Every structure is written in structure tokens, then in C-alpha cells.
Amino acid sequence: MKTPAEESFLRTFHAEHPAATSRSLSRGRDATGRSSYQLLSDLVAGRRRVLDLGCGDGVLLEEVAAGTPVGDRELSGVDLSPDDLALARRRPALAGATLLEARAQDLPFPDDHFDACVSHMALMLMNDVDRVAAELARVLAPGGLLALALGGGPAGGEAYELFIALTRPVVDAAPASDRIPRMGDPRTRERAGLDAILTPAGFAPVTWDTVRIDLSGPLDDVWVSLSTLYDLGLLPAAAIDALRETFTAGAASLALPDGTIPCAMNMRIATTSLAGT
Ligand SMILES: C[S@@+](CC[C@H](N)C(=O)[O-])C[C@H]1O[C@@H](n2cnc3c(N)ncnc32)[C@H](O)[C@@H]1O
């Protein structure tokens, strides 16, 4: 099979930007002070055999490992990126985990192998997502839980809106070779669309919550959070430097008295379970 363009892009991006997503999002907090990784980990507390779909550098699996201890817990993760998987393998907490380079569309696990699957900011990037749903239904045991975090755009924290306003015209005007490939299935952005993907595979209708993740902080941290969300991934370095300068100038007017730049994104937390007991 010819590798889809978005998968080649993701592999290259994560090779060039190790741990990009965890660097971008792990300092984010909801209104109760939990990170989005902790929110997903909380949802699978008590489940013994857990898969992380698109596990990246393993930050979510590490949260799951640190969560409620469950006897003989078996943790597994798959990802396209050998570079991020190498980082996951270096985490002492994941010494016993199964971490495999694999496509979500072809999971290297037997039927009924997991009690739960978590996936943080990954499903919405995947092509042929109906096949991913069928694979999840195959590897989850009856009654298995699926807990997803999906991107939901800016949440009124101002710096994310500024970032989009500055970057979109630059990306739109860039030659095709400097623009990232189209990724994912737009149905994953809406509750009804996600149900249309998951229910034919055997999942119940999802519960769907919007959680505001606060990414406010020093300018450098906010820039890292926003600039590693893929959109700038193929722009030349000079164009990124120029965007950083205009962002820095614009963000100065947003700064709170202590210098903090307000920034927030919405995340959709969707949960469902596979039919059966
Ligand atoms: C935004 S990153 C999230 C990584 C990690 N879950 C986190 O939040 O830190 C998306 C991840 O999904 C992986 N991914 C995307 N499509 C995939 C697919 N079809 N099969 C396996 N992994 C995939 C990418 O390689 C990337 O590591």
C-alpha cells in the first residue's frame, strides 16, 4: 500500500519535533487543574488492559500507569512515529508496556484483547476512520470502553485566536509544497459525526463534553504550544521566524499585568463503550 501523504507528514514532523504534542499540551489544565491527559487517564481507572491509540511519546500511558493501580495491568500503545515511540520506551513507568509502530487501521493485536482504549488528539488526524472504528471494535472486549480527546479549536483565551488570524493567511498563500496535507475525517469534529463512525462498528452513542484547556503562560511557552499544532509544519524556517515575530508583537497587547499571555483551547472528551457485557 502506498503510504498516505498525511501519514508520511506525521512521521517526518514527529522525527523533526520530538514529543511535539506533549510539549504543546501537557501543561494545559482544565478548570479543576487536571491536564487533558489526566482526564482521559481518570476515565479508564480500574480497566486492566488498556490501549493508547496514537500514543506519541507515551505521556498518556505514563499517566495511566500512575493512576489507580490495577493488578497485572497491561498497557499498550501504537503510533506511526518510531521517534516518539523511542521516547515512550525510555519512560521507566512504561518498561513493561507493549509499544508498537503500527497503523490504527491495522492493529497488531488479537480480537477482544483490551478492556479500554484511550486516544489523545489522534483520532481526528486519521484517514479511513471507519476502518479504525472497526479495528477498535475488534480488539476491544465486549463492554470495552473507548475514551477520546479531540481538538475543538480556540476557546476564547485570545492568543490562539491571534495565532490563527496571523498564520492562516500565510499558510493559505504558501505554495502547496509548504502546506500540510489534509488530515482526518471532518465527522470527528461533531458528536453526530463521531456517532456515524462508531455506531456502525458496534459502539453505543458517545457522551460528548467540551472541556476548556487553559494554555496561558509565558510567551515562549504559549508559542511552543500553538506552533507545534502541525499547521506550520511545512513552512520554511524564515516564514516561521517572521510569524513568531508578528505573534510576539501582537501577544504583547494581550499580556496580563504579570506578563502571562492568556490562551485556551477547547477539547472534546468523547466516551462510549462496545456493546456486550
Ligand atoms: C497530535 S499527536 C498526539 C500524540 C499523543 N497522543 C499525545 O497527545 O501526546 C497524534 C499522534 O497520532 C499518531 N497517528 C496519527 N495517525 C495515526 C494512525 N493512522 N495510526 C497510528 N498512529 C497515528 C501520530 O503519529 C501522532 O503521534
Side-chain angles (χ1 to χ4, degrees), residues 1-28 34-41 43-44 50-65 75-91 94 97-109 117-136 139 146-153 180-185 188 197 211 213 215 224-233 265 267-270:
M1 186 194 96
K2 188 171 175 297
T3 305
E6 61 272 43
E7 296 185 12
S8 302
F9 165 74
L10 285 166
R11 272 199 202 90
T12 306
F13 182 91
H14 284 280
E16 291 172 356
H17 304 274
T21 313
S22 62
R23 284 180 66 220
S24 170
L25 298 178
S26 58
R27 66 185 186 80
R34 306 289 283 164
S35 74
S36 50
Y37 295 102
Q38 290 170 325
L39 294 179
L40 284 192
S41 171
L43 289 168
V44 298
V50 180
L51 170 66
D52 184 352
L53 191 74
C55 63
D57 70 340
V59 64
L60 172 56
L61 277 177
E62 189 171 84
E63 286 291 347
V64 174
L75 301 182
S76 301
V78 294
D79 203 281
L80 296 174
S81 166
D83 301 274
D84 269 4
L85 284 164
L87 296 176
R89 290 189 188 105
R90 298 224 300 254
R91 293 180 187 269
L94 300 185
T98 302
L99 298 164
L100 301 175
E101 184 179 338
R103 299 180 69 237
Q105 294 83 347
D106 286 295
L107 291 173
F109 301 105
C117 171
V118 285
S119 185
H120 185 270
M121 299 292 278
L123 190 81
M124 78 269 188
L125 304 171
M126 294 177 185
N127 59 61
D128 201 356
V129 73
D130 300 286
R131 180 165 171 159
V132 175
E135 277 293 83
L136 289 174
V139 301
L146 177 61
L148 306 167
L150 305 164
I180 65 169
R182 198 179 296 277
M183 286 193 279
D185 186 320
T188 57
I197 295 163
V211 178
I213 298 292
L215 291 162
V224 166
S225 286
L226 297 173
S227 64
T228 49
L229 293 175
Y230 296 132
D231 305 283
L232 311 187
M265 75 183 293
M267 258 188 220
R268 319 292 187 193
I269 305 291

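Counting starts at 1 for both ligands and their atoms, in listed order. Source: prediction; values computed, not measured.
Rounded to the nearest 0.5 angstrom, Met126 CE and Asp185 CG are separated by 12.0 Å. Here CG of Leu43 is found 12.0 Å from CD of Gln38. Values are rounded to the nearest 0.5 Å.
Using a 4.5 Å cut-off on side-chain heavy atoms (C-beta onward), Thr188 and Leu125 make no contact. A heavy-atom distance below 4.5 Å is not found between the side chains of Leu123 and Ile197. Between Leu150 and Met124, some side-chain heavy-atom pair lies under the 4.5 Å cut-off. Inter-residue side-chain proximity for Leu61 and Leu99 is flagged as met; some heavy-atom pair is nearer than 4.5 Å. Side-chain contact between Arg27 and Leu215 is present, with at least one heavy-atom pair separated by less than 4.5 Å.
Under the 4.0 Å criterion applied to side-chain N and carboxylate O atoms, Arg91 and Asp57 are assigned as salt-bridge partners.
Residue contact check: Met121 has heavy atoms under 4.0 Å from atoms 1 (C), 2 (S), 3 (C), 10 (C) of ligand 1. Taking a cut-off of under 4.0 Å to the non-hydrogen atoms of Tyr230, the atoms of ligand 1 that pass are 1 (C), 2 (S), 10 (C), 26 (C).
Ligand 1 has an N or O atom lying under 3.5 Å from an N or O atom of Tyr37, backbone or side chain. Considering backbone and side-chain N/O of His120, one or more are found under 3.5 Å from N/O of ligand 1. For the pair Ala104 and ligand 1, the shortest N or O to N or O distance falls below 3.5 Å.
The residue from His14, Gln105, Arg103 that puts a heavy atom closest to atom 19 (N) of ligand 1 is Gln105. Here the shortest heavy-atom distance to atom 12 (O) of ligand 1, taken over Ser24, Ala122, Ala102, Pro4, belongs to Ala122. Comparing Val129, Asp79, Val78, Val118 against atom 25 (O) of ligand 1, the shortest heavy-atom distance belongs to Asp79.
Contact annotation: for Leu125 versus ligand 1, heavy atoms closer than 4.0 Å belong to the side chain alone.
Looking only at protein heavy atoms, the nearest one to atom 5 (C) of ligand 1 is Gly54 O, 3.4 Å. Closest protein heavy atom to atom 15 (C) of ligand 1: Leu10 CD1, 3.5 Å. For atom 23 (C) of ligand 1, the closest non-hydrogen atom on the protein side is Leu80 CG, 3.5 Å.
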